[in-house]
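Every heavy atom of this structure was used, including side-chain atoms; hydrogens, water molecules and symmetry mates were not.
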Amino acid sequence: MPKGIRLSILGFVLLAAGTATVRAAEGRIPVFRPGTTIAADGRYIVTRNLTGAGGIPTVTIAASNVDLDLNGFVVSNVSGPEPVILVQAGSRVSIHGGTVTGGTYAIHATSFADGLVIEDLEIHGTAGYGVLVASGKRVTIRRNRFSDISGGGVFCYGNPTPVTATISDNSIADVIGDGIHLEGATGSAIQNNRISNATGMGILLSSAEAGLIADNTVDRAQFLGVAVFQGNGVIVRGNAVTRSYSHGIFVDQLTNDCLISQNNASKNGTSDDGGDGIRIEGDRNLIERNVSNSNRGYGLHFISSFSPACGNTFSANSAHGNSGLGPACASGLFPPESCDSSTGCAVPNKSFGDNLIPGPPLF
């Protein structure tokens, strides 16, 4: 082949390699430039470290049916004002397999119809949330490692319709804000996560119907360990919550008809005002088979309800070695291990009489 023809062919190949439509040998489309916008469906693969300079996201996803494999590389941006990866629109988007660092957020999903998966990522060094999901129907965030984030780990909320989220098997450490905050959710699960040293709440589930918080480990949350606000039909089961600044497990005044079971909420309340192992402010909840020892406040504490309903039931709980710091227990149960400060209940809080808390066998 004449030399001139060979050079022309080589030039064509190099030119083609610089376009976003060239496919890798396995059929995936390479992403190798900061500032790339993915505007068509397909399977994409990062082929080098990508460092954005700010002003625009390093990668923008603006299409449905997109699989983005970071391929072990680092995708980063300066600390602001844009996220590293922006999901603008689309359904069935998956991001996985690498490191995301810097940016206002590591991943910010502003609008998508259904089916976002974020998995197997290292996320650190962001100025805000590691993952912020602003709307959607089904979200899966699993097997990621969050660390050294100047904002919360995960914030996911349903707007305008409730989101169904699965947030599982993540490690979240040293974040300024909440470890996991899920809001406006239905049928969602926060399960088997490990959270340490969050400056806000370890786990917060709010405005939720039929949710599950199970088998998580929360240590050194600098406010509440595990909290449910405005929940209905939520299960809080099998969590280990220790060394929270305030209460270990907290159920607010607008949270009703929930099951709090088989948790270990011990050594909480590191503040001078104390903090209860388990604090229940809502109505008609069942609290059973929990361990709540060595807290600075009460082990198990019922407090005045927002409405006159009350009607909480507790069974087979164990509470020992609690200090009872904080407001004095004016009535009910056996401080400092347990306290019932509820007033004006239409149906009093009651027990099956089998709790392993000091006091008479029936109370």
Quick one: does R142's side chain get under 4.5 Å of T166's, heavy atoms only? no

Side chains of T164 and T186: does their closest heavy-atom pair fall under 4.5 Å? yes

Pairs involving residues 208-229, ordered by first then second residue, that meet ring pair (Phe, Tyr, Trp, His ring centres under 6.0 Å) (sequence neighbours left out): F229-F250

Could you tell me which residues satisfy disulfide (SG to SG under 2.5 Å) with C258, sequence neighbours excluded, listed by chain and number? none

Is L204 linked to V228 within one hydrophobic cluster, defined over Ile, Leu, Val, Met, Phe, Trp and Tyr using a side-chain heavy-atom separation of less than 4.5 Å? no

If only atom types and distance count, is the side chain of N268 paired as donor or acceptor with the main-chain N or O of D276 below 3.5 Å? no

Results of side-chain contact (heavy atoms from CB on, under 4.5 Å) for A316 - residues two or more places apart only: R289, D354

Which heavy atom of G274 sits nearest to which heavy atom of R296, and what is that distance? CA-CB, 3.8 Å

Within the distance-only criterion (no hydrogens, no angle test), does the side chain of T126 pair as donor or acceptor with the backbone N or O of G128 below 3.5 angstrom? yes

Flag if over 12 foreign heavy atoms under 6.0 Å of CZ, R220: yes

Does the side chain of Y298 come within less than 4.5 Å of N322's, by heavy atoms? no

Is it the case that the side chain of N317 and the backbone of N290 share a donor-acceptor pair, with hydrogens and angles ignored and the cut-off at 3.5 Å? yes

Counting N and O atoms only, with roles assigned by atom type, does the side chain of S207 sit under 3.5 Å from a partner on the main chain of G184, one being a donor and the other an acceptor? no

Does the pair R143/D120 count as a salt bridge with the N-to-O cut at 4.0 Å? yes

Which side-chain hydrogen bond (donor to acceptor under 3.5 Å, both in side chains) pairs, counting each pair once, include a residue from residues 221-241, with sequence neighbours left out? N197-Q222, E209-N232, N216-N239, N239-N263

Please check this pair: side chain of N77 against backbone of I56, looking for a donor-acceptor N/O pair closer than 3.5 Å. yes

Strictly distance-based, threshold 3.5 Å: is any side-chain N or O of N71 a donor or acceptor partner for the main-chain N or O of F73? no

Rounded to the nearest 0.5 angstrom, the CZ-CD1 distance for R279 and I260 is 14.5 Å

Rounded to the nearest 0.5 Å, what separation is found between the CD1 atom of I280 and the CG atom of L286? 10.0 Å

Beyond-backbone contact of E82 with T58, side-chain heavy atoms, under 4.5 angstrom: no

Can you get from I118 to V154 by hopping between Ile, Leu, Val, Met, Phe, Trp and Tyr side chains that sit under 4.5 Å apart? yes

Any S318 side-chain heavy atom under 4.5 Å of N293 side chain: yes

Give a yes or no answer on whether the side chain of S188 reaches the backbone of A165 with a donor-acceptor pair at less than 3.5 Å. yes

Can you tell me how far the CG atom of D340 sits from the OG atom of S351, to the nearest 0.5 Å? 11.0 Å

Of the non-hydrogen atoms in G299 and A319, which two are nearest, and what is the gap between them? CA-CB, 4.3 Å

Note, N349 side chain near C310 side chain (heavy atom, < 4.5 Å): yes

Is it true that V59 and L86 fall in one hydrophobic cluster, defined by side-chain heavy atoms closer than 4.5 Å? no

Test item: side-chain donor near acceptor, N192 and D215, under 3.5 Å: no

Inspect the contact between R243 and D219 and indicate whether a charged nitrogen and a carboxylate oxygen are less than 4.0 angstrom apart. yes

Just how far is it from atom CD of E119 to atom NE2 of H96, taken to the nearest 0.5 Å? 6.5 Å

Should L224 and I287 be regarded as members of a common hydrophobic cluster, given that ILVMFWY residues are connected when their side-chain heavy atoms come within less than 4.5 Å of each other, either directly or indirectly? no

Is any side-chain heavy atom of V234 less than 4.5 Å from a side-chain heavy atom of T255? no

Quick check: does any side chain N or O of Q191 sit under 3.5 Å from a backbone N or O of I213, one acting as donor and the other as acceptor? no

With rounding to the nearest 0.5 angstrom, report the NE2 to OG distance, H124 to S150. 12.5 Å

If you group Ile, Leu, Val, Met, Phe, Trp and Tyr by side-chain heavy-atom gaps below 4.5 Å, do L205 and F146 land in one group? yes

Co-members of Y129 in a cluster of I, L, V, M, F, W and Y side chains, linked at under 4.5 Å: Y105, L132, F155, Y157

Check whether the side chains of N295 and H247 place a donor and an acceptor atom closer than 3.5 Å, and report yes or no. no

For I95, run the side chain to side chain contact (heavy atoms under 4.5 Å, CB included) check against V117, V87, V100 and tell me which one passes. V87

Do L121 and I107 make a side-chain contact, defined as non-hydrogen atoms from C-beta onward lying under 4.5 Å apart? yes

When rounded to the nearest 0.5 Å, the distance separating CG of L333 from CZ of F302 is 7.0 Å

Under the side-chain contact (heavy atoms from CB on, under 4.5 Å) test, which residues partner S323, sequence neighbours left out? L325

